[in-house]
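Here's the structure we're looking at; comments come further down.
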Amino acid sequence: VVSTQSTADRPHRSQAAALQGRQGCLREEPPITVHVTTNKKRYTEGETLIIRCSVTSRLNASLVKVFWKLNDRDITADMGTERFSTQISESEKTEVLIREGLTKTNEGYYTCVCDAGIEGRYEDTYNITVHPATPLNIIAWIIAVSFVSILVITMGVILYVVIKRSQISSYSMAKHAKPKTQQTAL
């Protein structure tokens, strides 16, 4: 198993660079490289985790199986039960793991594993931290939702008043307009 860890405190090294450093000569690139990324490292309970696994492979795609682990436990089997889901982008050769409604139990090392059978397993790991939702976060969310609701209601009332005034003014103008007289030709 070839493993690299993408954590903030350690730079990411490619598998080929690791082999070169150990043996002093450049070896051929491995048949598969795996790189895990996410848009942030620190999450708050209740947020949605979106983590991407980019796979570059010289092998036939049908020979490579991708699965996910959390703290060395296979979570592929839990896809339906713990609100984990995946999306596969064939054009970008990326598998995306999504976990809605994060809790503290979802914290840990997420590993994308690419199993290529006799060619071996290749993986990359990313550490995710989940912090508790603070009352300030909840209050800020409530204030934001309340503000948007008040704004929508106010805009609706203004629109209603504008429409009613235009209807009244149109009616008033029609009522006070002088009727046109017809002139007859002599």
Side-chain angles (χ1 to χ4, degrees), residues 1-134 136-138 140-141 144:
V1 174
V2 177
S3 176
T4 59
Q5 292 202 348
S6 301
T7 57
D9 38 325
R10 240 176 307 168
H12 182 75
R13 290 179 55 186
S14 72
Q15 289 128 344
L19 292 171
Q20 179 185 16
R22 275 190 243 134
Q23 300 191 349
C25 63
L26 184 60
R27 291 178 124 200
E28 183 179 325
E29 283 284 328
I32 298 175
T33 55
V34 182
H35 187 65
V36 173
T37 58
T38 185
N39 57 343
K40 59 195 224 179
K41 184 176 170 71
R42 179 184 167 147
Y43 287 85
T44 302
E45 286 181 321
E47 289 185 316
T48 298
L49 168 71
I50 299 174
I51 189 166
R52 291 170 178 74
C53 178
S54 301
V55 178
T56 306
S57 174
R58 295 182 316 197
L59 302 175
N60 181 340
S62 65
L63 299 176
V64 179
K65 286 190 341 185
V66 176
F67 62 95
W68 290 91
K69 295 192 299 185
L70 171 57
N71 298 326
D72 289 325
R73 184 177 74 92
D74 184 358
I75 59 173
T76 307
D78 297 336
M79 288 299 173
T81 59
E82 293 188 26
R83 292 190 287 185
F84 281 106
S85 62
T86 58
Q87 296 174 353
I88 299 172
S89 170
E90 294 294 333
S91 61
E92 297 175 14
K93 300 201 183 335
T94 301
E95 180 158 318
V96 180
L97 178 70
I98 301 168
R99 171 57 164 99
E100 295 179 13
L102 282 175
T103 64
K104 191 73 173 158
T105 60
N106 302 124
E107 181 174 85
Y109 292 93
Y110 283 81
T111 304
C112 177
V113 180
C114 293
D115 187 350
I118 61 172
E119 293 290 333
R121 280 188 171 183
Y122 298 85
E123 59 188 45
D124 192 17
T125 299
Y126 204 97
N127 186 21
I128 298 295
T129 306
V130 179
H131 296 274
T134 63
L136 290 178
N137 290 350
I138 295 168
W141 182 82

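Throughout, residue positions are numbered sequentially from 1 according to the sequence presented.
If you run side chain to side chain contact (heavy atoms under 4.5 Å, CB included) between Cys114 and each of Val55, Thr56, Thr33, only Val55 comes through. Looking at Asn106, Asn39, Thr38, Val130 one by one, the single match for side chain to side chain contact (heavy atoms under 4.5 Å, CB included) with Leu49 turns out to be Thr38.
Rounded to the nearest 0.5 angstrom, Asn71 CG and Thr105 OG1 are separated by 10.0 Å. The CD1 atom of Ile128 sits 8.5 Å away from the CG atom of Leu102 when rounded to the nearest 0.5 Å. Rounding to the nearest 0.5 Å places OG1 of Thr111 at 8.0 Å from CG of Asp124. Annotation: the span from Asn127 atom CG to Glu107 atom CD amounts to 7.5 Å, rounded to 0.5 Å. Interatomic distance, CD1 of Ile50 versus OG1 of Thr37, reported as 11.0 Å (0.5 Å rounding).
Proximity of a side-chain donor or acceptor of Arg99 to a complementary backbone N or O of Gly101 within less than 3.5 Å is detected. Asp74 places no side-chain N or O within donor-acceptor distance of the main-chain N or O of Lys69, the cut-off being under 3.5 Å.
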Dump the intermediate steps for side-chain contact (heavy atoms from CB on, under 4.5 Å) on Val34 and Glu123, then the final yes or no.
-> CA-CA 6 Å; Val34 182; Glu123 59 188 45; 5.6 Å; no
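Note that Lys65 lies outside the cation-pi zone of Phe67, set by a 6.0 Å cut-off to the ring centre and a 45° limit from the axis.
Annotation: disulfide (SG to SG under 2.5 Å) contacts of Cys53 (sequence neighbours excluded): Cys112.
Here the closest heavy-atom approach between residue Glu47 and residue Tyr43 is recorded as OE1-CA, 3.3 Å. Contact detail for Tyr110 and Ile51: the closest heavy-atom pair is CB-CD1, 3.8 Å. Arg52 approaches Val96 most closely through the heavy-atom pair CG-CG2, 3.8 Å. Here the closest heavy-atom approach between residue Ala133 and residue Thr44 is recorded as CA-CG2, 3.6 Å. The heavy-atom pair separating Ser54 from Thr94 by the smallest distance is OG-OG1, 3.7 Å.
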